[in-house]
Each structure stands twice: as C-alpha cells, then as structure tokens.
Amino acid sequence: MKSREKKLNGDTLNRLILIVLLVAEVLIFSLLSPYFLTVKNIFAIGLNISVLGIVAIGQTLCILTADFDLSVGGTACFTGIMFGFFTVNAGLPVVVSLLLAMVVACAVGLINGLLITKMHINAFITTMATNFMLGGLVQLVSGGQAILCRDSAYTFLGQTKIPGINAPLPMLIFIILYIIMAYVLKNTVFGRHIYCIGGNVEAARIAGINNTRVKNLTYMLSGAFAGFAGIILSSRMAAAQISVGSTYGMESIAGTVLGGTILAGGKGNIYGTLVGILITGILSNGLTMLGLSQAWRDIATGLLLIFAIIMQNVTKNIGK
C-alpha cells in the first residue's frame with residue numbers, strides 16, 4: 001500500500017509540474033506581450049497546434065506500446081499530396097478524394113505494422129525507411145510542385161470558422177479527437193491491450209492478447225491520424241505542399257514524451273500529450289511574438305524535451 005501511494009505521488013508530481021510549466025508560460029508571455037492573451041492569438045495557437053496535435057495522438061499510441069513512428073511526417077505530407085492529386089489531377093469529388101487519401105494513410109500505417117510484427121524489423125529502421133520512401137513518392141506524384149486547389153469544398157476542413165465564436169474548425173476537430181481517444185484508451189479492451197503490451201509484451205502474450213493484431217491496428221491508426229492531419233493542413237493552405245511535415249516525427253515524440261508518456265511504453269495518457277503539445281505550441285507562439293527566430297524556438301523545444309526526460313526519471317524513482 002505504501003509503495004502504491006509513493007507511485008501515485010510520483011505520477012501526481014509529474015502532472016503537477018506540467019501544469020505549473022503550462023501556467024508559467026502563459027503568465028510570462030502575457031506579461032511580455034499585450035497581444036498574447038487576445039482571443040485572436042488564442043485561436044491562432046489552437047489552429048497552429050491542431051495539425052501536430054492530431055499527429056501526436058497516433059504517436060502516443062505507438063509509444064505506449066514501447067515503439068514509435070518516425071514516418072508520421074512523410075505520411076502527413078504524402079496523404080495531403082494524394083488528397084490534392086485525387087481532387088485536382090484525377091478530377092474526383094472532394095469527399096471521394098478525402099476517403100481515398102485516408103485509405104492511403106491507413107495502408108502506410110498497416111505496412112509499417114506488418115514489417116515490424118511479421119518481419120520483425122526494428123521500428124526505428126522501419127518507420128525511418130518508410131519516411132524516406134514517402135518523401136520520394138511525394139516528388140514523383142506531385143512532379144516537385146505544389147498542387148493548388150481553392151475550391152470551397154477542398155478548403156472547408158482547414159479554413160472554416162465555427163459560427164458564433166469564430167474559432168477555427170481544425171481546433172474543434174483536434175479537441176474532439178483527443179476526447180474520443182482518451183475514452184478509447186481508458187475504457188475499451190483495445191486501450192487496455194495497448195497498455196499491457198507496452199508494460200510487458202511477454203506477459204500480454206501469455207494473457208492471450210494478440211500482440212500482432214494490436215500493434216498492426218496501432219500503426220494503422222497512427223497512419224490515419226497523420227494522414228488526416230496532412231489533409232487538414234492541405235485544406236488550410238488551399239494547396240498540397242511538398243515540403244510540409246518534415247519535423248512532425250520528432251516534434252510529435254517531443255510533445256508526447258513531455259506529456260508524460262514514457263518511451264519504455266505502458267505508461268502515459270492522451271491528456272498528457274495534449275498538455276505537452278500545448279506547452280510546445282505556446283512556447284513557439286510566445287517566442288515568435290517576442291521576435292525570436294526559429295533557431296531559438298528549436299533550442300527551447302530541445303531543452304523542454306531534456307527536461308521532460310529528467311522529470312520522468314525523478315518521478316520514476318519516487319514511485320519505487
């Protein structure tokens with residue numbers, strides 16, 4: 001009982017530090033800039049983190065199983081390109097193009113899963129190789145050029161504002177997806193199996209859990225979330241760009257780990273990832289408002305990630 005209380009205190013401390021860090025960011029940037037806490041900027045933060053935040057959902061699922069997915073950036077970019085290609089080059093209706101692009105994204109994720117579970121190739125090698133190949137496919141399909149489309153149906157997901165509050169639709173989608181996936185992880189058999197596999201894959205197998213099926217589905221979902229994020233970004237920009245998403249792999253891992261999901265798997269939750277993405281998104285926005293370059297924003301994000309790892313080690317020791 002005493003050990004359990006210590007572990008609970010360690011987890012609570014982890015969450016408390018995250019909340020304090022988030023509040024500190026808001027207070028500091030609001031004091032340094034009078035424009036930071038304006039409704040316009042709050043919606044700008046929500047819009048900017050929505051795409052990476054959706055990518056991070058799939059990344060969280062993979063890390064909870066003690067793996068990760070470095071191909072999410074390539075998947076997002078390639079799916080966005082396919083969305084534009086199906087709509088503009090093939091002349092298909094936007095809804096059909098969206099569904100076909102999502103099939104492509106799910107297929108990429110499933111291929112990753114099968115290579116990892118059936119061929120027993122390391123997740124790092126598999127997803128990194130997939131990311132390289134997707135980069136090449138983007139160039140081949142697009143011809144090295146962005147695919148432009150200003151059709152209102154094409155830009156609906158990315159550019160629509162919610163009536164009454166004028167909030168961007170991607171921000172609402174982002175919040176809804178987090179609520180749904182938090183429920184799935186906490187209250188469904190699939191969610192419990194993900195935690196079991198991440199905690200002890202051999203024990204999960206002995207318990208009768210189909211590790212292969214769960215991991216394949218996890219990677220397929222990772223591909224789906226990354227692909228959907230790429231579609232939203234393409235819709236928002238009214239163009240399928242060939243150079244987006246290159247940093248999504250590491251950024252989504254950073255947000256997930258910062259949110260308390262451990263790389264060893266089996267511990268973490270989707271709400272922690274939400275807080276982690278908010279922290280990195282607010283940091284980037286605040287430093288931009290202060291006129292600092294992308295270089296300083298990258299340095300600050302790297303320092304945050306190191307801080308997250310140290311914090312995890314400290315809370316882990318408290319729990320022992």
Qualifying salt bridge (Lys or Arg N to Asp or Glu O under 4.0 Å) pairs with a residue from residues 155-180, counting only residues at least two apart or across chains: none
Taking salt bridge (Lys or Arg N to Asp or Glu O under 4.0 Å) as the cut-off, I'd like each qualifying pair that reaches into residues 48-72, sequence neighbours left out, listed once.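 Sorted pair list: Asp67-Lys215.
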Listed by chain and number, what are the side-chain contact (heavy atoms from CB on, under 4.5 Å) partners of Ile42, not counting sequence neighbours?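 Listed in chain order: nothing, the list is empty.
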Sequence neighbours excluded, the answer for side-chain contact (heavy atoms from CB on, under 4.5 Å) partners of Lys40 is Thr38
Answer with yes or no whether the side chains of Thr130 and Asn112 bring together a donor and an acceptor at under 3.5 Å.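 Distance-only check passes for Asn112 and Thr130.
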Over all heavy atoms of both residues, which pair between Ala105 and Gly227 is shortest? Give the atoms and the distance, please. CB-CA, 3.7 Å
Sequence neighbours excluded - ring-ring contact (aromatic ring centres under 6.0 Å, His included) pairs with any residue from [range]:
| range | result |
| --- | --- |
| residues 257-279 | none |
| residues 61-90 | Phe83-Tyr154 |
| residues 225-244 | none |
| residues 165-218 | Phe174-Tyr178 |

Can you find a pair of side-chain heavy atoms, one from [X] and one from [Y], that are under 4.5 Å apart?
| X | Y | result |
| --- | --- | --- |
| Asn41 | Met289 | yes |
| Leu258 | Val275 | no |
| Thr117 | Tyr219 | no |
| Leu172 | Ile176 | yes |
| Lys186 | Ile270 | no |
| Val257 | Ile262 | no |

Can you sort out the partners of Thr188 under side chain to side chain donor-acceptor pair (under 3.5 Å), two or more places apart, ordered by chain and number?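 Expected list: none.
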Donor-acceptor contacts under 3.5 Å from residues 136-148 side chains, at least two apart:
from	atom 1	to	atom 2	distance (Å)
Ser142	OG	Val138	O	2.6
Ser142	OG	Gly144	N	3.2

With side chain to side chain donor-acceptor pair (under 3.5 Å) as the rule and sequence neighbours excluded, what pairs involving residues 85-97 come up?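 Listed once each, the pairs are Thr87-Ser97.
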With side chain to side chain donor-acceptor pair (under 3.5 Å) as the rule and sequence neighbours excluded, what pairs involving residues 43-66 come up? Asn48-Arg236, Gln59-Ser252, Thr60-Thr256, Thr60-Thr273
For the CZ atom on Phe307, are there more than 12 heavy atoms of other groups (residues, nucleotides or ligands in this structure) within a distance under 6.0 Å?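 Correct, the count exceeds 12.
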